[in-house]
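In what follows, chains carry the letters A, B, and so on, assigned in the order in which the sequence lines appear, proteins first and then strands, with residues in each chain numbered from 1.
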Amino acid sequence: MNFSKEITHWYFQNKRDLPWRKTKDPYRIWLSEIMLQQTRVAQGLPYYQKFTEEFPTVYDLAKAEESHVLKLWQGLGYYSRARNLHFTAKDIVNNYNGEFPNTYKALLKLKGVGDYTASAIASICFDEIEPVVDGNVYRVLARYFDIDIPINSTEGIKTFKKLAFEVIDPKDPANFNQAIMEFGAVQCKPQSPNCTICPLASSCLGLKNKRVGILPVKLKKTKVKNRWFNYLVVVSTQEQTLLEERKGKGIWQGLYQFPLLETTKEVENIEKYQAEIEEIINIKDFSITQFNKKIKVHKLSHQHLHTTFWIVETANSLKNGISLQEIRKYPVPILIGNFIEEFNF
DNA sequence: AATTCGGGGGA
DNA sequence: TCCCCAGAATT
């Protein structure tokens, strides 16, 4: 049996029972693909359930408030995916008569849909012969053919896409694409793959040359930056607090947070920042205490956020205050969400 | 071509 | 700790 036949055969015997494998509805396939970008199946699954329940069709998603979409997305990360998801839902309803385009080329025009996702939808929903190349496919191909070109280099991206075209089963691209990804996720996994039970072991060049452990090769990533976040949790006597929306560039666009004082290092004397704090929260009369004496380091892939929460008590009424009853309706970074649960106002 | 977008899980 | 995850958009 050749490579693609063996992969597909393995798939039919070993595939997991996942909800998006029960449909060819482009809306649901699109939804699942966006959610699973850089995200494990186990992490994305509950979000897929929530979204399909709350927004059964693209029309339901299109008419939702963006903050509602972000709230349901809360905790999944890479929030531009959620904003682009909502934008494209409206785009489909307004400019495509509610129907997804049915070719790879046309799908690529949708915001948030790149090469991988366009290939996935085109092949799974419309049986187009277009190979998907995700992290799993890079790994399977690099190992099986023993290729050490860095997968995140320009040459690597081009080489592996070409190779994927050569191995795809033209008679069943939908199942082949899902098969090679599933194979990568379950059998040819990143750490300690069990090659002794692999159906492709006899023809795998990486295994033959004892290079499975170093493949695939990836260019090194940039180092993380450190930032110091001081959140100002205003507590008024009227059961209110302040939240602000993150706008502009950077992390967590469109999500809410407590007013933020960002510093270049750990704050030791909060009194030194009295004037800045007054300006940020627009209150002069307050007392301030530190909630967590130990700074928590919230680790993102490219930033380490050294965060602490300051409780700011005031008798003033808040101009743009929100009631504490409403606080859980706002989409917030998981960091803020955890604090809200812990502090419990 | 390189960087920037989260958060969680496994070794 | 470090790496990776059904990548895309921006710089």
Side-chain angles (χ1 to χ4, degrees), chain A residues 11 15-16 18-21 29-48 70 73-85 87-88 107-121 123-124 131-140 150-158 160-161 164 174 176-186 188-193 213-225 227 246 248-255 297-305 331-338:
Chain A
Y11 178 62
K15 68 174 182 174
R16 292 169 288 182
L18 299 170
W20 46 85
R21 290 188 176 152
I29 298 300
W30 165 70
L31 182 61
S32 72
E33 295 300 345
I34 301 295
M35 282 184 168
L36 293 173
Q37 288 169 5
Q38 294 293 285
T39 304
R40 292 168 196 281
V41 165
Q43 190 185 2
L45 191 50
Y47 288 85
Y48 179 82
L70 283 170
W73 198 272
Q74 182 177 312
L76 197 53
Y78 286 157
Y79 297 93
S80 66
R81 290 184 297 171
R83 297 193 303 272
N84 289 338
L85 184 82
F87 177 94
T88 294
L107 285 160
L108 264 183
K109 297 187 191 302
L110 302 175
K111 187 173 290 188
V113 174
D115 188 285
Y116 163 77
T117 304
S119 304
I121 300 172
S123 62
I124 295 172
V132 295
V133 185
D134 73 332
N136 294 306
V137 177
Y138 278 123
R139 184 170 53 258
V140 171
I151 60 173
N152 54 343
S153 66
T154 303
E155 186 192 357
I157 292 167
K158 192 176 162 188
F160 284 100
K161 180 79 179 183
F176 174 80
N177 276 342
Q178 296 184 81
I180 190 170
M181 289 191 285
E182 186 80 341
F183 184 79
V186 176
C188 195
K189 54 190 182 180
Q191 289 95 10
S192 56
I214 65 156
L215 294 170
V217 173
K218 202 169 183 177
L219 264 31
K220 64 179 182 295
K221 65 179 194 303
T222 58
K223 69 168 191 280
V224 302
K225 292 175 183 171
R227 302 173 75 180
R246 288 187 68 96
K249 296 185 295 185
I251 56 175
W252 301 331
Q253 280 177 57
L255 275 64
V297 184
H298 185 71
K299 293 178 178 178
L300 308 181
S301 49
H302 55 295
Q303 297 182 25
H304 286 183
L305 307 177
V332 297
I334 207 68
L335 173 64
I336 303 290
N338 288 343

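For A/H302 and B/dC5, the shortest distance from a side-chain N or O to OP1 or OP2 is below 4.0 Å.
When rounded to the nearest whole Å, the span between CD1 of A/I151 and P of C/dC3 equals 13 Å. If you measure from atom NZ of A/K189 to atom P of C/dA6, you get 13 Å, rounded to the nearest angstrom. Here C/dA8 presents its C1' atom at 14 Å from CD of A/E33, a figure rounded to the nearest Å. One interatomic measurement links the two molecules: CG of A/L305 to C1' of B/dG6, which rounds to 10 Å at whole-angstrom precision. Put simply, CD on A/Q74 is 13 Å from P on B/dG6, counting in whole angstrom units. Protein atom OH of A/Y78 is 6 Å distant from nucleotide atom C1' of B/dG6, rounded to whole Å.
Atom CZ of A/R83 sits about 8.0 Å away from atom CG of A/L255, to the nearest 0.5 Å.
The C1' atoms of C/dC3 and B/dG6 are separated by 15 Å, rounded to the nearest whole Å. Spacing of P atoms, C/dA6 relative to B/dT4, comes out at 24 Å, to the nearest Å.
Of all nucleotides listed (B/dT4, B/dC5, C/dA6), C/dA6 comes nearest to the side chain of A/L36.
Residue A/G44 is out of contact with every strand shown, counting any heavy-atom pair closer than 4.0 Å. Using a 4.0 Å heavy-atom criterion, one finds that A/W73 contacts no nucleic acid atom at all. Within the nucleic acid shown, A/S80 has no heavy atom closer than 4.0 Å to any nucleic acid atom.
The base of B/dC5 does not come close enough to the side chain of A/R81 for any donor and acceptor atom to sit less than 3.5 Å apart.
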Nucleotide N/O of nucleotides 9-11 of chain C paired with protein N/O under 3.5 Å:
| from | atom 1 | to | atom 2 | distance (Å) |
| --- | --- | --- | --- | --- |
| C/dA9 | OP1 | A/G112 | N | 2.3 |

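Applying the Watson-Crick and G-U wobble criteria (two distances, each under 3.5 Å), C/dA8 pairs with B/dT4.
Using a 30° and 60° split on the angle between ring planes, A/W20 and A/Y48 fall in the perpendicular class, above 60°.
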